[in-house]
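Counting starts at 1 for both ligands and their atoms, following the listed order. What you see is a predicted model, and the numbers here were worked out from it, not measured in a lab.
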Amino acid sequence: MSKVGKKVITRFPPSPTGGLHVGGARTALFNYLFTKQTNGEMYLRFEDTDKERSKKEYEKDITDALEWLGIDYHGPFRQSERTALYKRHIEDMIKKDYAYISKEEEGASDSVIRFKNPNKVVLFEDIVRGTIEVDTTDLGDFVIAKNINEPLYHLAVVVDDHDMGVTHVIRGEDHISNTPRQILIQEAIGAERPIYAHIPMILGPDKSKLSKRHGAKSTIEYKDDGFLAEAMINYLALLGWNPGDDREYLSRDELINSFNLEKAQKGGAVFDLEKLKWLNKEHLLKLPGEDFEDGVSLHITEDIKKLPQYSKERLFKVIPLIRERIHTFKDVEKMAQEGELEYFFEKPDYHAESLMWKDEESIENTKKHLEHVSLVLSGIPEEDFFNPVVKKAIWEYAESNGKGNVLWPMRYALSGVSRSPDPLTLAEVLGKVETIARLNDAIAKI
Ligand code: GLU
């Protein structure tokens with residue numbers, strides 16, 4: 001309920017002439033957050049009066065994205081299915097002399113329907129931008145329909161908002177200039193004026209309106225890129241709004257509870273992919289274990305799954321290491337491509353010299369250290385083969401012989417690469433049998 005006790009009705013009315021870009025998603029989200037907070041209802045309405053450019057595939061792109069983001073709605077409704085309603089209003093407006101059929105050229109058969117502009121000053125309150133005053137004289141007698149059966153945007157939007165009982169119109173600032181025309185039509189058809197909130201544009205890094213040119217994608221593509229819906233709505237909510245304190249990570253419930261249109265900013269909001277990635281990582285770090293495992297499993301590549309030692313159990317042991325490294329689930333694929341995952345699932349291949357730490361005097365010493373490590377680790381029961389136990393078993397020896405001299409060859413023997421987690425962590429992930437096997441392989445190589 002709103003403050004005055006009337007049920008809040010909002011609407012999200014995209015034209016399905018393209019997919020849902022992030023600007024549209026942000027508008028849908030602001031409507032959603034406001035609607036949830038006030039226990040209202042949001043209508044999804046496809047403004048598909050442009051028959052040539054409106055496509056079902058775009059409708060699907062839009063509803064897929066809304067579903068992914070968890071933005072629920074009433075509908076969808078389609079303007080193309082509501083022509084009888086517009087026709088009634090157009091006829092009524094003509095009858096009451098609010099509109100007229102106008103021959104566009106002397107003697108021409110082409111005609112349009114124009115609104116009879118009362119030429120007055122329209123004043124409206126905008127939640128974000130305050131009082132806005134416009135003299136409508138300059139707008140002339142604007143066109144509201146191509147003919148009785150083909151309404152144009154201003155007419156259809158006013159009739160629909162009225163018919164659906166819309167109480168709040170929350171939309172992009174680019175629609176401010178449309179508002180005076182729509183208010184005039186509302187007054188003509190006797191519709192109640194909704195409360196307006198025009199939210200700032202989303203800008204690219206060069207401060208011009210965000211577009212494909214800036215690499216902006218369709219919202220659903222961020223899903224394919226491995227972003228979490230919860231991170232995406234968190235990020236979109238911060239484009240033009242903030243909770244008024246220093247919080248940046250906000251869960252869905254926190255967003256719903258703290259959202260406040262009055263705190264929306266007036267200036268444009270710059271879309272920053274790095275910040276989205278950062279927020280995604282924050283959400284990934286807090287994701288429940290099972291959900292994280294599911295995300296990783298979806299992005300682990302076939303090349304990794306084909307490796308001889310690949311198993312779900314081994315993968316689950318690697319998962320905490322993956323969680324530290326990635327910003328999106330897509331990064332799991334990148335880790336695989338860059339060879340950061342292979343050695344967990346197959347014996348490494350390398351030259352014996354690589355086992356030697358830079359300060360070590362001889363390869364024989366390296367061999368001796370590996371033999372010692374292999375021997376003491378053999379004494380640990382398999383079920384106790386955890387990082388701290390492994391550490392305890394070798395630490396004193398490593399300290400007295402030089403940590404690099406002992407730990408480097410151990411790590412190299414286990415991973416075969418110079419950048420990998422520390423050898424204790426690797427030992428725990430690989431387990432006792434595989435750790436000893438890889439250490440002995442290294443000894444044999446020398
Ligand atoms: N169909 C319009 C658009 O796609 C929205 C109109 C409105 O919110 O009033 O921008």
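Residue pairs meeting the side chain to side chain donor-acceptor pair (under 3.5 Å) criterion with at least one partner in residues 218-228, sequence neighbours excluded, are D61-S218, K217-D225. The ring pair (Phe, Tyr, Trp, His ring centres under 6.0 Å) pairs that include a residue from residues 311-337 are F292-F329, where partners are two or more places apart or lie in different chains.
Within 4.0 Å of ligand 1, the residues that place a heavy atom are R11, P13, P14, S15, E47, Y153, V157, R171, H175, listed by chain and number.
Residues satisfying the side chain to side chain donor-acceptor pair (under 3.5 Å) test with D291, not counting sequence neighbours, are none.
Of the listed residues (E346, R314, E342), just one forms a side-chain hydrogen bond (donor to acceptor under 3.5 Å, both in side chains) with Q309, and that residue is R314.
Within the 3.5 Å criterion, the main-chain N or O of A336 finds no donor-acceptor partner in the side chain of D303.
E293 has no carboxylate O lying under 4.0 Å from a charged side-chain N of K312, or vice versa, which leaves the two without a salt bridge.
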